[in-house]
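In what follows, chains are A, B, ... by sequence order, proteins preceding strands, each numbered from 1.
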There are 2 protein chains.
Amino acid sequence: MVKNADPLAALRIETPPATLREMALERMRNAIIRGLFEPGSRLIERTLCEQLGVSRSVIREVIRHLEAEGLVEMLAKQGPIVARLEWDDARQIYEIRAALEATAVADCARVADEKVKAELRKSLSELDRTSQQNSPLGILDATTSFYRTIFHAGGHTIAWDIVSRLNSRISRLRVMTLSTPNRTTSGPNQIREIFARIEKNEPEAAAAACRAHVKAAAEIAESIIGADGT
Amino acid sequence: MVKNADPLAALRIETPPATLREMALERMRNAIIRGLFEPGSRLIERTLCEQLGVSRSVIREVIRHLEAEGLVEMLAKQGPIVARLEWDDARQIYEIRAALEATAVADCARVADEKVKAELRKSLSELDRTSQQNSPLGILDATTSFYRTIFHAGGHTIAWDIVSRLNSRISRLRVMTLSTPNRTTSGPNQIREIFARIEKNEPEAAAAACRAHVKAAAEIAESIIGADGT
DNA sequence: GCTCGTATGTTGGTATACCATCGGACAGAA
DNA sequence: TTCTGTCCGATGGTATACCAACATACGAGC
């Protein structure tokens with residue numbers, strides 16, 4: 001009975017996470033988030049089969065998953081389309097984000113040790129790099145990594161799942177928001193402010209900075225979406 | 001071009017929402033929420049096929065959906081099982097609920113008109129009836145309907161989706177919580193308190209009452225789960 | 001010319017077939 | 001008795017086949 005002795009744990013052969021379905025899910029989700037498909041455009045199952053090189057069973061199961069995530073809508077008698085985003089939905093999403101992120105940031109500021117702060121600094125430098133390159137997608141990734149650290153530091157794994165999912169629904173909006181001229185500098189500055197408060201372990205101030213950040217993003221988003229109606 | 005003239009809207013033939021998949025999804029979700037399957041128990045696809053009278057394709061797509069909802073977990077090389085619930089997850093869920101429900105309740109208290117209040121009263125009387133019958137499932141339904149009204153009144157449809165989904169993940173816990181001896185009376189009393197504040201349009205007080213309600217539920221849940229480790 | 005009916009192709013819904021892998025039972029050897 | 005090798009049933013992963021419903025195009029009839 002030498003089972004699961006800790007020193008032997010390293011021997012474990014990790015199961016390849018490679019079912020076709022999981023790979024296809026990853027690809028599809030990314031494709032939608034990255035904006036490869038227009039919102040409202042139809043997702044023809046057989047076409048996707050060819051594009052991804054898998055069978056319809058796989059595609060259909062992936063679509064079910066994305067449907068539950070809110071990235072795909074089903075039109076009765078017509079099939080799946082890339083989910084459209086009403087401004088009212090986006091507004092709600094920003095509100096929920098503000099609530100959850102502020103809580104997470106505050107908790108993070110309470111417990112953050114040097115290790116967490118170091119990780120956050122790393123994300124920040126990545127943020128600097130990508131924002132100098134004016135790369136919205138890069139900024140998005142860096143911001144995501146910043147917040148992921150914050151949520152996990154405070155033990156808010158479920159809230160992080162929710163926020164991630166909400167973010168993927170407004171990803172297009174976020175990219176447009178980030179492409180706004182002065183946003184390229186103001187966004188990172190606000191995030192730096194959040195970090196500064198976390199660094200000093202000031203929960204309330206950090207949460208306030210976080211709310212301000214989300215609010216600013218929401219306002220830019222509204223001006224964009226109000227203008228073009230997408 | 002007489003399309004969509006309002007008076008004619010009633011003529012529209014509603015699409016029967018009846019694809020096998022949707023029906024199966026509903027049944028399966030309910031079965032899990034109602035506790036017909038033990039958490040951790042395996043969901044054998046072919047068995048479910050027979051039980052529901054549909055093919056594996058349908059079952060598998062439903063499982064994909066439930067997986068994304070967090071009601072089902074996939075074990076590599078073993079297949080789907082009913083999701084288990086760690087106390088830490090439940091704790092997080094109660095936290096998130098407290099945040100979202102308090103916000104919704106406050107907003108509802110701001111905008112609630114007589115119509116909303118009447119609806120809430122209806123749910124309350126249903127709550128009375130079911131709690132006198134000592135019917136946990138009935139109490140759950142009435143509570144759900146109470147909160148649904150609140151969330152929709154304040155326009156928080158997305159938050160409602162999230163809360164519903166979270167609640168389904170802790171449904172077993174909720175039922176156990178409601179079965180706690182004094183909970184049968186204390187729960188409804190707290191909800192009545194929330195309503196009283198909404199009725200008087202006192203947002204802050206309503207939110208506070210709501211937080212107290214969720215907190216109490218969480219504490220009972222912790223005592224239960226701490227005791228039996230389920 | 002306009003309208004309606006019909007044919008056809010596209011598409012999603014559903015069922016089934018095939019395969020690799022895993023787990024346990026069983027048997028044989030040390 | 002215990003360990004080990006093998007077999008077989010169970011199970012999920014994947015692919016394919018079939019069907020009904022819808023959309024479009026086209027043609028007949030007014």
- Message: Heavy atoms within less than 4.0 Å of DNA chain C: which residues of residues 48-66 of chain A have one? Give them sorted by number.
- Response: A:R56, A:R60, A:R64
- Figure out the CE/P separation between A:M74 and C:dT11, and round it to whole Å. 14 Å
- Message: Can you measure A:E45 atom CD to D:dA17 atom C1' for me and round it to whole angstrom units?
- Response: 15 Å
- Does the pair B:D88 and B:Q92 meet the rule for a side chain to side chain contact (heavy atoms under 4.5 Å, CB included), with working shown? CA-CA 6 Å; B:D88 186 61; B:Q92 291 185 46; 3.1 Å; yes
- Query: Got a sec, which pairs hit salt bridge (Lys or Arg N to Asp or Glu O under 4.0 Å) with one end in residues 143-157 of chain A, sequence neighbours left out?
  - Reply: none
- Report the C-alpha separation of B:I96 and A:T103 in whole Å, then their side-chain angles, then the decisive distance to 0.1 Å, and conclude whether the side chain to side chain contact (heavy atoms under 4.5 Å, CB included) test is met. CA-CA 9 Å; B:I96 298 169; A:T103 305; over 6 Å; no
- Message: What is the separation between atom CG on B:L43 and atom P on D:dT11, rounded to the nearest whole Å?
- Response: 12 Å
- Look only at the side chain of B:E61 and the backbone of A:R60, and say whether a donor-acceptor pair between them is shorter than 3.5 Å. no
- With distance as the sole criterion, is a donor-acceptor pair present between the side chains of B:E69 and B:H65 under 3.5 Å? yes
- Query: Salt bridge or not for A:R34 and A:D141, using N-O below 4.0 Å?
  - Reply: yes
- Message: Expressed as a whole number of angstroms, how long is the span from B:R42:CZ to C:dC22:P?
- Response: 13 Å
- Query: Charged N to carboxylate O under 4.0 angstrom, B:R46 versus B:E50?
  - Reply: no
So which protein N/O to nucleotides 19-24 of chain D N/O distances come out below 3.5 Å?
none

- Is A:R129 salt-bridged to A:E126, going by a charged N under 4.0 Å from an acidic O? yes
